[in-house]
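First the structure, in the form of structure tokens, and then the observations on it.
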Amino acid sequence: MSKQLAIQLAGVSKAYPHFRLDSIDLQLEQGSIMGFIGPNGAGKSSTLRILMGLIRADQGEVRVLGHRVPDEQVAARWDIGFASEDMRLYQSRTLQWHMDFVKSIYPGWDDDYAAALARRFDTRPGQTLKGFSHGQRVKAGLLLVLARRPKLLLLDEPTTGLDPVARKEVLNELMDVLQDDGRSVLFSSHNTKDVEQVSDQITFIDRGRVIASQDKETFLERWRRVRFSAAENFAMPDLPDVVETRLNGRLGSVITGRFDTRITDGLQNAGATIQGVETMTLEEIFVTEVEASRAEVTGAAA
Amino acid sequence: MDDPFILSQSDGRPMYLQIIEQVKLRISVGDWPPGFALPSIRELAVATKVSVITVKRAYQELENEGVIVTRQGKGSFVATTDKLGSRLREQEMEEHLIKAIEIARSEGLPPDELVRRLQSLLQGRKK
Amino acid sequence: MTSITWQLIRKDWDISRLPMFGYAALAVVALVLVAMATGATFYVGSTMLITVVVVIGIHLIFVSVVHERGKQTLPFIMSLPISFMQYTRAKMLANLGIFGIAWLLIAAAVIAIFSSTATLPNGMLPFSLIILGELFVANILILGVAMVTESEAWTIVVMAFCNLCISLFIYFVGSIPEINAHMQGPVAVWNSTAMMLIGLEILAACVLIALIFVAQARKHDYL
């Protein structure tokens, strides 16, 4: 039995004068966290705004918490908590004023949770937003979203520009949300380190295209760097699913996104000695994926 | 629930391996006796701030190794195998020995020599 | 009206409330000057009154519409469970409601002053209300431009244009013979010309409001 999907994007495209979201496919299971990773300007914000119904896709199908978006965006938004990097609060008002405002709209607002979050986030409800540091502002925005316990959190770069302590506070709260297996989180970042530990699903986006979307363990399991030393007159064999090959003197390495024994066997048959098979960090995988995807696009255009 | 584990960001190994190791450690020191109910996957994920899918994978491997058993709808428990704790410690020692054998082989050290070295190390310890 | 619409209106009022009380004080000063009914105070008072009415409207538009976008509080508001049309309705109601109440109070005060001050000719009343009416229509126009174009620059251009038009409009209405003939008279004469001008203003207001809703309904991207 397949789990319910919190988010479902199929073939979603949106054209801008100098940018295009190109046929985005994305699925997020209920109860899991997805890290949405891409360089600045890759299309992360646009995708999140489409999910919120704030901008309309030119093509494709969007479903959020079972609602069709944009047609049923209002119904969907009751259960979505959205916070984005370009979102500001009212500078002249206190955090408490904002809390009261949000509370007046959502019946699910939890006063105790809000007060606890304010303490944990080191933010004073009585202070006006003008006096908040960047980190406190981001956390205030998250507090307003979290304290009403939405089923789906859509967070655009929630950890960007935060110091390590604040970043940890934010990530901890995201994990806490997952205590309830009916709740889900999609958060974007241009930093793989923020995403790596807490995410169940990882999606890479670059230049408006999703270049990979998988559960994290499969991701980390499939990618390997194989180091080898070559015999004299070594000729690089034709190996399946290799995205990067290096040979410098007699030492070389290959990187693959679908590791299995075909790679090591292939190298050994060609006369190489395997020095080691290494796992890769998400950051290394991300950079390799982006480079491979860009090379492919450039190659296809040429 | 408090975080029962000490996980390291600078440890180069994948996170699921670290979790497996920490579970085994809890069992071998006796904190988690046979039949002990392990935290649910989601509980442990929230407590350790590690994704659900990673904890799930660690539990699956532990189950495959026979360290824990999962009963449908009831959760996971430490296996009631005899002397699981000491067996795990032995297993760990064996892994280290295998590593030593591999290094010896790659350095061209004959097996006799390896045994001799181990013996001399043991003698050294006794003194 | 849903409760969210109401909360949005309340929020806009809360944010612009303080300056509004300041403008109210200025309006009282202006009305006192008008009521003193000497040539100089009447001129200064009425100019000041027109300015206060214009500034109240512009202040509201800037705080609730232009700054909402410029200061990036719009993503926060649009993340709430409201449709863009509900948002539009809330903004129209907040702006025209608060401005409308201020406008009505001032119009009522003007009528009261003319009726109760012997030295002020009641014949000025239709002329005064037509001028006040124009201020209302101009306010809707500026509000519409701010909402529909989403551009601070265009809002400022149209605002400047509207302000220029006030003195032209006063001159134009004052030089219509049917209006001019009764201005210094002891009784307010609501002849067909005066009624037609007021009718045109109401019509313009309605058409503008309808156009704003039509233009907003055609939008698909809200941020």
Side-chain angles (χ1 to χ4, degrees), chain A residues 3 28-35 159 164 167-187 192-202 214-225 229 259 273-285, chain B residues 1-23 38-65 70 72-76 95 98-109:
Chain A
K3 274 191 133 185
L28 175 63
E29 270 184 13
Q30 225 175 52
S32 46
I33 299 193
M34 179 185 279
T159 50
R167 186 155 59 221
K168 182 152 185 256
E169 287 167 348
V170 167
L171 292 176
N172 282 355
E173 290 309 326
L174 292 193
M175 279 309 290
D176 261 4
V177 165
L178 274 257
Q179 240 157 6
D180 177 348
D181 65 6
R183 303 178 70 192
S184 326
V185 179
L186 171 65
F187 80 107
T192 52
K193 293 211 175 71
D194 289 346
V195 170
E196 181 154 12
Q197 184 164 336
V198 298
S199 297
D200 297 310
Q201 301 279 319
I202 300 285
Q214 246 167 0
D215 79 79
K216 184 180 67 189
E217 289 302 318
T218 308
F219 236 125
L220 295 173
E221 195 55 34
R222 282 184 166 185
W223 283 85
R224 287 288 186 277
R225 185 190 291 109
S229 55
F259 176 75
T273 312
I274 306 295
Q275 301 285 342
V277 179
E278 301 166 353
T279 55
M280 294 168 68
T281 65
L282 203 56
E283 179 156 331
E284 291 172 311
I285 297 172
Chain B
M1 185 188 139
D2 286 334
D3 182 355
F5 296 158
I6 303 154
L7 301 174
S8 161
Q9 293 280 357
S10 58
D11 192 316
R13 291 170 308 161
M15 201 49 90
Y16 83 96
L17 286 179
Q18 290 196 49
I19 293 172
I20 290 174
E21 189 190 77
Q22 295 274 320
V23 170
L38 270 75
S40 77
I41 290 172
R42 201 164 277 276
E43 269 169 7
L44 190 60
V46 171
T48 54
K49 314 298 175 198
V50 170
S51 57
V52 170
I53 198 150
T54 304
V55 177
K56 194 183 275 176
R57 171 147 191 223
Y59 273 32
Q60 259 160 13
E61 304 258 333
L62 284 164
E63 208 181 331
N64 293 344
E65 291 181 34
T70 300
Q72 202 69 45
K74 297 222 166 140
S76 302
E95 277 164 18
I98 289 170
K99 207 163 260 171
I101 293 169
E102 275 170 2
I103 295 171
R105 190 180 290 161
S106 75
E107 292 297 311
L109 211 65

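Below, chain A is the first sequence line, B the second, and so on; all start at residue 1.
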- Can you name the residues of residues 43-52 of chain B that have some heavy atom under 4.5 Å away from a heavy atom in chain A? B/Ala45, B/Val46, B/Thr48, B/Lys49, B/Val50, B/Ser51, B/Val52
- Message: Less than 4.5 Å to any heavy atom of chain B: does that hold for the side chain of A/Leu171, its backbone, both, or neither?
- Response: neither
- Are B/Lys56 and A/Glu217 within salt-bridge range, i.e. N to O under 4.0 Å? no
- Query: Once you round to the nearest 0.5 Å, how far does CG of A/Asp181 lie from CD1 of B/Ile41?
  - Reply: 11.5 Å
- Top contributor to chain B contacts, counting heavy-atom pairs under 4.5 Å, from A/Leu220, A/Ile33, A/Val198, A/Asp215: A/Val198
- Note on the structure: Scored by heavy-atom pairs under 4.5 Å with chain B, the best of A/Asp176, A/Thr218, A/Val177 is A/Asp176
- Nearest heavy-atom approach of A/Leu178 to B/Arg42 is O-NH1, 2.8 Å
- With a cut-off of 6.0 Å (strictly less than), are more than 12 heavy atoms of other residues, nucleotides or ligands near CZ of B/Arg13? yes
- Message: Within residues 275-284 of chain A, which residues come under 4.5 Å of chain B, heavy atom to heavy atom?
- Response: A/Thr279
- How many angstroms lie between atom CD of A/Gln201 and atom CD1 of B/Ile53, to the nearest 0.5 angstrom? 6.0 Å
